Amino acid sequence: MKQRGFRVSFPLLAVGAAVLLSGCGATKQSALAPVGPVARAQLGMFWESLAIMTGIFVIVAAVFLYSLIRFRARKGDATLPKQVHGNTTLEIAWTIIPIILLVFLAIPTVHYAYAFGDTPPNAMKVDVVGHQFWWEFDYPGSQVTTANVVHIPVNTKVDFVLTSADVIHSFWVPRLGGKTDLIPGRVNHLWLESNQTGTFYGQCAQLCGAGHAYMKFSVVVQTQAAYAAWVQSMQHPKVSVTTPAQEAGMQLFSQDCATCHTIGGTTFNGKIGPNLTALMTRPTIAAGTLTNTPANLAKWLHDPPGVKPGALMPNLHLSQTQIQSLVAFLETLK
Ligand code: CUA
């Protein structure tokens, strides 16, 4: 019987790889497109080690192929090849060459390990708390709290002070720098800086439960003036409830939602779920799961665990009318 086993064609693999890679977006979450000093230095080390490894691979492969061909068994030649044992010169060479290469790798690695390990003294602080499955950002001293979107000023070193409310998460914004874990009961620091304004995407990088893949966030990098204006607006959020639907929604929120959610500018101050102050200024809802539109808010309120597996916000079995009034109220949060 002819055994075929598994056969994966190369073109199929290539297409699959292309689809997977393009799915990551060319630059959306790419460590190969750094926008700050930390990410740039880390990418530099990556290229350096890749260059050294490629060089070693090419040399070893060349010597290997040469030996395969040059010293192959020839027809009719049954004699044993010359038996060699030990060569002091070679032994010394292939001990010293790796040491030299490792020194070249060690110098930048140790240098940057210290440079990135020490928090710059004047760095702006942002407290980050990881939750299943969302991010809390507090700006100490300015009474600003937000969720799943963090605003920072451009060209400013930011000290992210990381901890967790439940399990281990990992804070990762590939275009700004490498990741650091958020561990319950301890505090980690990660400083990052962006030299470019714009929105960069972050993702939890430590498997933390059913909603891990949906634990995303945005980093909005703004000019100093725009950032100051954002802090101002967060400190004085506008909530103007006027229509009957908005009022009904606010009433409903006070019964069903306020035990878990805080909204700046109102008396709602629950601490279990994400802070919803100025919700409408955020690009996404449910920690990056859906874009922030009224239709998606309604979809989310209808069945949170259905939209985002593992979501700890329960299905409140709201009627369509209730959902519409809640959305009307949430739309006032600016
Ligand atoms: Cu949090 Cu994965």
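Counting starts at 1 for both ligands and their atoms, in listed order. As the structure is a computational prediction, the values presented were derived from the model and not from experiment. We count residues from 1, following the sequence as given.
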Restricting to N, O or S atoms of His212, which is nearest to atom 2 (Cu) of ligand 1?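 When I compare the N, O and S atoms of His212, ND1 is nearest to atom 2 (Cu) of ligand 1.
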Is a donor from one side chain sitting under 3.5 angstrom from an acceptor on the other, for Gln251 and Ser325?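 The criterion, which ignores hydrogens and geometry beyond distance, is not satisfied for Ser325 and Gln251.
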Is the closest side-chain donor-acceptor distance between Thr291 and Asn296 under 3.5 Å?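 Short answer, yes.
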Do the ring centers of Phe160 and Trp135 come within less than 6.0 Å of each other?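 No; Trp135 has its ring centre 6.0 Å or more from that of Phe160.
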Angle subtended at atom 2 (Cu) of ligand 1 by SG of Cys204 and O of Gln206, nearest 10°: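 Value, to the nearest 10 degrees: 90°.
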At less than 2.8 Å, would any N/O/S atom of His169, backbone or side chain, sit next to atom 1 (Cu) of ligand 1?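 So His169 does bind atom 1 (Cu) of ligand 1 by this criterion.
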Please work out whether the ring planes of His261 and Phe253 are parallel, tilted or perpendicular, with thresholds of 30° and 60°.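 Tilted, since the angle between the ring planes falls between 30° and 60°.
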